[in-house]
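A short worksheet on the structure shown next.
As a basis for the values below, the full set of heavy atoms in this structure was taken, side chains included, without hydrogen atoms, waters or symmetry mates.
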Amino acid sequence: MTYAEKPPHAQEPPHVEKSSYVEKPPHVDPARMLHITDEALLAELGAAGVAAARPWRRRAPVWPDPLPGDVVEADRLLGIEVDFLDKGHGRSRLYGFHYLRWMMPLVSAYAQTGDPRYAREWDRLFNQWYDSRDRVEGDWPGLDVVWYSLGVASRSMHLSRALAVFATEPALGDACWLRMMKTILGGARWAAEEHDEFRHGNWQFATACELLHLARVFADFPESGRWAEVARARILEHLERDVREDGGHHERSPGYHGMCLGGVQRAASVDPDLIAHPRFPAMHDWLASLTTSGGWVPHLQDSGVVWPAEMLRTGERLLGEAVRPVEGSHLLESSAYAIFRARDLHTVINYGPYIGHELEPHSHHAALDFVLSGWGVPLAWEAGGPPSYDDPGYYDWYQATRGHNTLLVPGEDYVEDRAAALDLFHAGEHVDVFAGHHHGYRARHDRRIVFVRSEPSYWLVTDTIDAEAIWQLHGTSPWIRHGDGYASSRGPGLLVVPAEPPDEVVLGSGPARIPDPATATAEYGEIHSLGLRRRDGRFTVAVVPFTDEPPDVRVTLSAVHLGEVTDTFPPDGWTREGPAENWTGDGLATHRTREGRAEHWTRDGFAEHWGGDE
């Protein structure tokens, strides 16, 4: 892979002192959590033996319906050899490996077929994990691989489903069943102690949601009431303090927002009182607002591409009402995202802060960057989240400024405390306008984006910074010269036309997930970087979408000419002149006139509109 430019702000992984802990200091009680005896477990359940305790008499754990493809995946697991101590999984992926999610196709396949082979394979693999778990060592100082929040919560979620499905299957032995139940009990005890007070972040939020789910499903454990008390307190605190007023999770990542929303949905399914909290519907509205016409949410910050349809349907079922995005253009103001929406065209502009995290921040080193989509495909795209946090390009591509559609300043670091701010937002009849600035570089960067809603639609991007800079945009196909600008080599795509020629054109490419609406997947492909370098740091650039062939466009500092249409941009305004057709009822044109439209915006966002024939 190639990248447009190696930035000076590429980072090494943050250093963590070995004496520090990411979560609380270790509090794994050997008798109560780690090595619970069979007798102690059965005593907790009030059962004389496994035969009395094993049948599933609890409410069903919340879990999506089995998928036919899981049978194929389960067959691939039959007989595999697994080394649970192998650090070859990667520094971060080793943690995810011990969530045991990769074993869940065995449960799904058994639920669909009743074939005992799948239960027998689960028995073999889980016993291997249980025997090796005390010897697992990770490379993140201060963070245990097995006893940390997301590991405990994820395994508990998967095991609760497996216990319900395999309850009476003899191929899953009593010894394995006992170990699974002890893992649930010990994990819940650990989670209740770990999260006895509030702390920000998706780890606690998701874990508290699963703890409440466990408390309601395993209500036969005497401690379940205490688990529920701790979990509900944390969930309510997170809804108030960790979810922003517009419904977005405070880390501003759609993927981690979805993880937290899925946890709250899971908790609300067994504790419906949570549904009445106003942040519960707001979290759904936030996700719906970011959803494009192709059905996906862009991979902002460290997110993957999110396909929210199933999650929104679950929300509608719980809420008893439809979840619909806000019509037209609007702000997710407390999350600091601006959204332009017209027909199939969708824009998201990031003007938010850099947000901390329990271990590593998921915020990227960019501000005033944007993504564009239209006709169900990405048009201007970004690097997004990595395949793994162990990926060698994580710090110098996915998180780096050069992986985003914004200005690069060669030779300068991009600071975390960028003080990004919104200066103006106008959602008008014919045009939408965003203006903002940030201090990620030594000089202030100002950007204005005008989205012309009236067809022909396009974006006019104006940037100023008192430094030599590179104006950068990533498309999903290579760039070719077209007229005064540069066009995607295939459509749907974009035509990029600067008002003034750049001093240099910089081309490159890098990896990113590319959403495919036909399959609702987003495999990694290549995005292509177009960089326009100017020594004076002044840019006026039209970005014009097209489906098949790029149009003819000419741009000056004050006007954009698209065929027979001329748009001019006086200070704080827009005017259009072009042909207009008047039609009779039978569809025949009776006369042709010149049409004039105009719109004005002010710094406080108040707008005046006027228009008509000239």
Side-chain angles (χ1 to χ4, degrees), residues 54-56 58-84 86 89 93-94 96-130 132 150-151 153-177 179-181 183-184 210 213 217 255 258-259 262-263 265-266 269 295-296 304-314 317 387-388 513 515-524:
R54 182 164 172 175
W56 189 264
R58 306 171 183 90
R59 68 191 306 166
V62 177
W63 195 262
D65 293 334
L67 299 174
D70 290 341
V71 176
V72 175
E73 293 300 316
D75 288 342
R76 293 174 180 164
L77 296 175
L78 297 176
I80 65 167
E81 295 299 324
V82 178
D83 181 357
F84 288 97
D86 182 13
H89 294 290
R93 294 184 70 177
L94 181 64
F97 182 74
H98 283 268
Y99 294 176
L100 305 185
R101 180 181 179 182
W102 56 271
M103 289 173 54
M104 289 307 290
L106 295 168
V107 180
S108 179
Y110 179 84
Q112 295 177 72
T113 67
D115 190 329
R117 293 183 303 159
Y118 302 121
R120 194 174 299 115
E121 191 65 19
W122 176 280
D123 183 293
R124 179 180 74 87
L125 291 171
F126 185 80
N127 278 319
Q128 286 183 12
W129 174 80
Y130 198 89
S132 63
L150 293 189
S154 297
R155 279 190 303 277
S156 298
M157 178 171 62
H158 301 140
L159 293 185
S160 64
R161 170 65 172 168
L163 283 162
V165 171
F166 293 140
T168 58
E169 172 51 59
L172 187 134
D174 286 349
C176 182
W177 182 88
R179 286 177 159 191
M180 291 165 67
M181 286 292 289
T183 302
I184 291 282
E210 184 54 30
H213 176 260
V217 170
M259 184 180 83
Q265 288 181 339
R266 190 171 168 86
S269 295
W296 38 268
V305 175
V306 176
W307 300 90
E310 184 60 37
M311 185 171 291
L312 294 179
R313 282 193 291 269
T314 298
R317 176 177 57 79
S388 160
R513 292 179 177 93
D516 178 5
T519 59
T521 58
E523 300 298 329
Y524 276 88

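- In terms of heavy atoms, Leu159 sits closest to Trp122 at CD2-CZ2, 3.6 Å.
- For Trp63, the ring pair (Phe, Tyr, Trp, His ring centres under 6.0 Å) partners two or more places apart in sequence, or in a different chain, are His158.
- Leu172 is listed as a side-chain neighbour of Arg54, based on a closest heavy-atom distance under 4.5 Å.
- Ala162 and Met180 make their closest contact through CB-CE, 3.6 Å (heavy atoms, listed as atom of the first residue, atom of the second, distance).
- For Thr314, the side-chain contact (heavy atoms from CB on, under 4.5 Å) partners are Gln265, Glu310, Arg317, Leu318, not counting sequence neighbours.
- Across all non-hydrogen atoms, the minimal contact from Ala171 to Pro116 is CB-O, 3.5 Å.
- For the pair Val82/Phe97, a side-chain contact is recorded, criterion being any heavy-atom separation below 4.5 Å from C-beta on.
- Side-chain atoms of Arg266 come within 3.5 Å of backbone atoms of Val62 as a donor-acceptor pair (strictly under, hydrogens ignored).
- The shortest heavy-atom contact between Ser132 and Phe84 is OG-CB, 3.3 Å.
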Review item, side-chain donor-acceptor pairs of residues 66-78, under 3.5 Å, at least two apart:
| residue | atom | partner | partner atom | Å |
| --- | --- | --- | --- | --- |
| Asp70 | OD2 | Leu67 | N | 3.3 |
| Asp70 | OD2 | Ser108 | OG | 2.7 |
| Glu73 | OE2 | Arg76 | NH1 | 2.6 |
| Asp75 | OD1 | Tyr118 | OH | 2.7 |

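- Between the CG atom of Asp174 and the CE atom of Met181 there is a distance of 12.5 Å, given to the nearest 0.5 Å.
- Considering only heavy atoms from C-beta on, Tyr130 stays 4.5 Å or farther from Cys176 through its side chain.
- Smallest separation of non-hydrogen atoms from Arg513 and Pro387: NH2-CA, 4.3 Å.
- Taking all atoms of both residues into account, the shortest heavy-atom contact from Ser156 to Glu210 is C-OE2, 4.0 Å.
- Under the 30°/60° scheme for interplanar angles, the aromatic rings of Trp307 and Trp296 are found to stand perpendicular.
- Relative orientation of the Phe126 and Trp129 rings is tilted, given thresholds of 30° and 60° on the angle between their planes.
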